[in-house]
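To start, the structure itself, in structure tokens.
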Amino acid sequence: MAKAERAKPLIMNFAIERGNFQLAGEASSKIKGRLLQLGFPGNLIRRVAIATYEAEMNLVIHSYGGTIEARIEPGKVTITVNDVGPGIPDLDKAMKAGFSTAPEEIREMGFGAGMGLPNMRNCSSEFRIDSVVGKGTTIKMVIS
Ligand SMILES: Nc1ncnc2c1ncn2[C@@H]1O[C@H](COP(=O)(O)OP(=O)(O)O)[C@@H](O)[C@H]1O
Ligand SMILES: [Mg+2]
């Protein structure tokens with residue numbers, strides 16, 4: 001039995017801090033490393049890595065902090081992202097390619113192209129985003 005075929009889901013959890021560019025990218029790179037170890041196909045690993053990296057950067061840049069959970073099952077990875085605010089007032093607008101509220105100093109760092117959410121959706125087999133202003137944002141992505 002290949003390692004990726006293990007029956008029990010493997011869960012990885014990460015706390016992501018607002019503004020912590022030092023640690024940004026750690027969660028996505030650890031998840032990617034584990035999937036490589038488990039022998040998942042390259043195309044699936046690439047989609048998980050992009051989607052998780054974009055989610056992670058959004059927590060660092062736009063949120064007050066949050067968590068990322070990866071649930072790894074045979075042929076399927078579920079990424080759940082939760083944060084504690086500020087929430088997104090207009091989800092349709094936020095999902096549009098090129099829309100960004102990133103301030104100038106963030107753009108100078110090379111972020112804020114407004115492609116994160118559209119990329120996450122494109123990389124996902126199932127994508128769901130819910131947001132409540134003043135409460136927070138939840139994203140669930142299934143990549144299979
Ligand atoms: N976790 C979040 N909390 C609050 N706002 C968010 C969050 N994620 C995304 N947004 C909003 O959605 C916009 C679009 O996000 P995205 O497509 O990743 O582009 P970018 O990060 O380059 O601005 C952001 O500029 C921000 O206004
Ligand atoms: Mg982004």
Side-chain angles (χ1 to χ4, degrees), residues 3-4 6 8-144:
K3 281 198 219 156
R6 58 164 68 219
K8 219 168 133 218
L10 181 69
I11 311 281
M12 300 175 79
N13 276 295
F14 302 90
I16 312 296
E17 282 174 44
R18 165 193 206 175
N20 192 339
F21 287 90
Q22 213 66 47
L23 276 181
E26 282 263 307
S28 46
S29 111
K30 283 187 176 153
I31 294 165
K32 181 182 176 179
R34 182 56 69 88
L35 295 176
L36 280 166
Q37 268 177 4
L38 290 169
F40 274 79
N43 179 54
L44 184 144
I45 296 176
R46 189 186 57 80
R47 288 158 60 216
V48 171
I50 294 170
T52 312
Y53 178 76
E54 293 293 355
E56 194 174 356
M57 291 316 304
N58 279 355
L59 290 186
V60 172
I61 295 169
H62 304 294
S63 89
Y64 300 151
T67 58
I68 294 180
E69 182 198 88
R71 181 187 173 91
I72 304 171
E73 294 169 274
K76 173 181 168 178
V77 179
T78 306
I79 304 289
T80 307
V81 188
N82 275 296
D83 70 45
V84 295
I88 301 174
D90 186 338
L91 276 179
D92 287 337
K93 218 171 171 183
M95 290 301 304
K96 287 219 168 75
F99 176 84
S100 177
T101 59
E104 191 52 38
E105 66 265 27
I106 295 290
R107 289 172 194 266
E108 276 165 12
M109 295 171 76
F111 302 106
M115 291 308 295
L117 289 172
N119 275 340
M120 285 184 234
R121 183 169 55 191
N122 285 340
C123 286
S124 301
S125 315
E126 288 170 42
F127 178 91
R128 194 190 156 89
I129 182 166
D130 293 291
S131 194
V132 179
V133 172
K135 275 199 92 177
T137 302
T138 300
I139 298 174
K140 185 180 165 188
M141 300 181 278
V142 179
I143 295 133
S144 60

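The analysis underlying the following values was restricted to heavy atoms, covering all of them including side chains, and did not include hydrogens, waters or symmetry mates. Note that the coordinates shown come from a computational prediction; the quantities given were computed from them, not determined experimentally. Numbering of ligands and ligand atoms starts at 1, following listing order. By convention here, the first residue in the shown sequence is residue 1.
Ranked by closest heavy atom to atom 18 (O) of ligand 1, the top entry among Asn82, Thr138, Asn58 is Asn58. Considering Ala97, Gly114, Gly98 only, the shortest heavy-atom separation from atom 22 (O) of ligand 1 involves Gly114. Distances from atom 10 (N) of ligand 1 to the heavy atoms of Asn119, Asp83, Ile88, Thr137 show the closest one on Ile88.
Of the heavy atoms in Ala113, only backbone atoms (N, CA, C, O) come closer than 4.0 Å to ligand 1.
Near Ala94, meaning under 4.0 Å from any of its heavy atoms, are these atoms of ligand 1: 12 (O), 14 (C). Proximity to Pro118 (heavy-atom distance under 4.0 Å) selects the following atoms of ligand 1: 17 (O). Set against the non-hydrogen atoms of Ser100, the atoms of ligand 1 under 4.0 Å away are 20 (P), 22 (O), 23 (O), 25 (O).
Within a 6.0 Å radius of CD in Gln22, other residues, nucleotides and ligands contribute 12 heavy atoms or fewer.
Between Arg71 and Glu73 there is a salt bridge, since a side-chain N of the basic residue sits under 4.0 Å from a carboxylate O of the acidic one.
Among the atoms of Asn58, an N, O or S atom falls under 2.8 Å of the Mg ion (ligand 2).
Using modelled atom types and a 3.5 Å distance limit, the side chains of Ser28 and Thr52 yield no donor-acceptor pair.
Under a 4.0 Å heavy-atom criterion, Phe99 is in contact with ligand 1.
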